[in-house]
**Q** 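Before I ask anything, let me first share the structure, which is written out below as structure tokens.
Letters A, B, ... mirror the listed sequences (proteins, then strands); counts begin at 1.
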Number of protein chains: 2
Amino acid sequence: MATSTVENYLKTILLRTEGPDHMVPMGVLAEALDVVPGTVTTMVKSLAEQGLLDHQARQGVRLTDSGRRLALEVLRKHRLVETFLVRTLKMDWTEVHEEAEALEHAVSERVLARIDEFLGHPATDPHGDPIPDANGHLADDAEAATLLDCALNKPLRVTRITDQSTDFLAFVQKTGLKPGTRLRVLRREPASGVLHCEVRAGGEIALGLPEAAKIAVS
Amino acid sequence: MATSTVENYLKTILLRTEGPDHMVPMGVLAEALDVVPGTVTTMVKSLAEQGLLDHQARQGVRLTDSGRRLALEVLRKHRLVETFLVRTLKMDWTEVHEEAEALEHAVSERVLARIDEFLGHPATDPHGDPIPDANGHLADDAEAATLLDCALNKPLRVTRITDQSTDFLAFVQKTGLKPGTRLRVLRREPASGVLHCEVRAGGEIALGLPEAAKIAVS
DNA sequence: GTATTTATTTTGATTAGTCAAAGTATGCTG
DNA sequence: CAGCATACTTTGACTAATCAAAATAAATAC
Ligand SMILES: [Mn+2]
Ligand SMILES: [Mn+2]
Ligand SMILES: [Mn+2]
Ligand SMILES: [Mn+2]
């Protein structure tokens, strides 16, 4: 079995891969995994030897099929565990990411199958992120609109929060912008970098443009 | 935080400690943890330096208060997780031990508290083993009768199976001797080493004397 | 098109955990 | 009590994962 370090590397590469032939730069991995760049170089070489990814020196890395398969299994565990913690154990959706970060490496296929069954094969996790199915198929998350690029003054629903950091989730929670919330965008001010929206059954909220891009809507 | 290796050493020592001043021999640990004796010596020295246990050369080890506290936390996680897997996720009680062996190191205090709450603060796990409470207090499991030393022909109930090995649990499962089962001991034959008992709503079962000692009754 | 900045790789060292094999202490046997 | 078997410890080596700091390559600036 892969160590949890290996699983974390693969999952991180999967999540940072931007397109079919995109190569994730080493620096991005070092940042995401909170290790120094030299460590990433060393680990990546070893993962490449194990056939889990391709490494082009000074270019970056790309998952192989077997690396991608493993990464999807870990991501599936992560997201199913998050869903389970929120739906069944009534944990706060803003704090389950950290928990899942550890549990994803300890949950066996057997336990995972029971959780999936228990939850009725959910399609998305509490953050709105799609859950890979048992065959490693991930719903295409490509081109959902965000608060940054959606139409103004149309009624919308939040579908997904694409930043798991405690601080951002706390903000989302406090302002009520969580998945499922109905709202509309009032105006964008590129000059000041601020966007204003109105939450149904809540007040008006101002948020920065980079932050707005992290909230997907439909 | 303690590594899972440290947690496994401490939990194993706790479970192998026979009395207040008993010292667990190194060989017992090596056997239980499936490592060579030299490894145990090395690890134990390091744990002793961290103040988690006392080590008398060529005598064995004994947990300190802080070591015992940590061991009880791990044991609590193990047994609550087992109970959860059986009661909530409907897993087979004979296979949850392995799963809990991994999950006990990944479940946080926060998640554990939710599980405990969800289950209604259970007192024993699916094997009938007592679950330490949140303050690290473990019900005295000292002197329960077993099939080996109980009265003959009295109606009894199985309370506990004190061997988690897959083979033994499979046998217990097949013959219906699991916790809760009602039965009585018909006769013991020290000469042949066989004990005969009758399961209520089942047939007559013969089992070896060492095996009989692993089944506690009341 | 040389110089500087930035990203990446290399090198040497460290920690946790492990094993094989050699060495040592202890307790049992005759 | 001497000899031996058993349990334990020591030593030297190894793997996985990491960091600090020096070296190098590539990109950018001037
Ligand atoms: Mn993780
Ligand atoms: Mn998520
Ligand atoms: Mn364990
Ligand atoms: Mn148990």
**Q** Under 4.0 angstrom, heavy atoms only, what part of the nucleic acid is A:T41 near: base, sugar-phosphate, or nothing?
**A**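 Base: the residue A:T41, judged by heavy atoms under 4.0 Å, touches a nucleobase.
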
**Q** Between atom CE in B:M26 and atom P in C:dT24, what is the gap in whole Å?
**A**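 Taking CE of B:M26 and P of C:dT24, I get 18 Å after rounding.
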
**Q** Whole Å only: how far is the CG atom of B:D34 from the P atom of C:dT18?
**A**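 Rounding to the nearest Å, CG of B:D34 and P of C:dT18 are 10 Å apart.
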
**Q** Is the shortest distance from a Lys or Arg side-chain nitrogen in A:K77 or A:E7 to a carboxylate oxygen in the other one below 4.0 Å?
**A**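 Result for this pair is no, no salt bridge flagged.
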
**Q** Going by side chain to side chain contact (heavy atoms under 4.5 Å, CB included), A:L33 matches just one of A:T12, A:V28, A:T5. Which one?
**A**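 Looking at A:T12, A:V28, A:T5, the match for A:L33 under the side chain to side chain contact (heavy atoms under 4.5 Å, CB included) is A:T12.
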
**Q** Atom CG of B:L10 to atom P of C:dG17: distance rounded to whole Å?
**A**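 B:L10 atom CG is separated from C:dG17 atom P by 11 Å.
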
**Q** Go through it in stages, so that I can follow the logic: the residues are A:D92 and A:T94, the test is side-chain hydrogen bond (donor to acceptor under 3.5 Å, both in side chains), and I'd like the CA-CA distance, side-chain angles, deciding distance and then a yes or no.
**A** CA-CA 5 Å; A:D92 189 337; A:T94 64; 3.0 Å; yes

**Q** Can you check the B:L52 CG to C:dA16 P distance for me, whole Å?
**A**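 Roughly 13 Å, once rounded to whole Å.
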
**Q** Calculate, to the nearest 0.5 Å, the distance between atoms CD1 and NE2 belonging to B:I131 and B:H78 respectively.
**A**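 Atom-to-atom, B:I131:CD1 and B:H78:NE2 are 10.5 Å apart.
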
**Q** Give one of base, sugar-phosphate or nothing for B:A57, where a contact means two heavy atoms less than 4.0 Å apart.
**A**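 The answer is sugar-phosphate, as B:A57 gets under 4.0 Å only of primed atoms, P, OP1 or OP2.
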
**Q** Rounded to the Å, how far apart are A:Q59 CD and C:dA7 C1'?
**A**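 In whole Å, C:dA7 C1' lies 12 Å from A:Q59 CD.
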
**Q** Just by distance, no angles: are the side chains of A:D163 and A:S165 close enough, under 3.5 Å, to form a donor-acceptor pair?
**A**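 Yes - a donor-acceptor pair under 3.5 Å links their side chains.
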
**Q** Using only side-chain N and O atoms of B:Y9, determine if any of them is under 4.0 Å from OP1 or OP2 of C:dT18.
**A**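 Answer is yes, contact under 4.0 Å.
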
**Q** So if I take every side-chain heavy atom of B:R58 and compare against C:dA7, C:dC19, C:dA25, which nucleotide ends up nearest?
**A**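 Per side-chain heavy atoms of B:R58, the pick is C:dA25.
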
**Q** 5'-most contact on DNA chain D: A:S4 or A:G38, nearest heavy atom basis?
**A**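 Result: A:S4.
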
**Q** Need two values: the first and the last nucleotide of DNA chain D, 5' to 3', having an atom under 4.0 Å from any heavy-atom of chain A.
**A**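 The protein-touched segment is D:dA17 to D:dA26.
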
**Q** Run the ring pair (Phe, Tyr, Trp, His ring centres under 6.0 Å) check on B:F118 and A:F84 step by step: do they pass?
**A** CA-CA 13 Å; B:F118 186 84; A:F84 185 73; 8.1 Å; no

**Q** In whole Å, I'd like the distance from the NZ atom of B:K45 to the C1' atom of C:dA16.
**A**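 Nearest whole value for this atom pair: 16 Å.
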
**Q** Let me know the distance between CD of A:Q56 and C1' of C:dA7, rounded to the nearest Å.
**A**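 Whole-Å distance recorded here is 16 Å.
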
**Q** Check whether more than 12 heavy atoms from other residues, nucleotides or ligands sit under 6.0 Å from atom CZ of B:R114, and answer yes or no.
**A**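 Correct, the count exceeds 12.
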
**Q** So A:S46, base contact, sugar-phosphate only, or nothing? Heavy-atom distance under 4.0 Å.
**A**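 Counting heavy atoms under 4.0 Å across all strands, no contact is made by A:S46.
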
**Q** Could you say whether A:T39 or B:P37 is positioned toward the 5' end of DNA chain D, judged by the nucleotide with the nearest heavy atom to each?
**A**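 Comparing both residues, the 5'-ward one is B:P37.
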
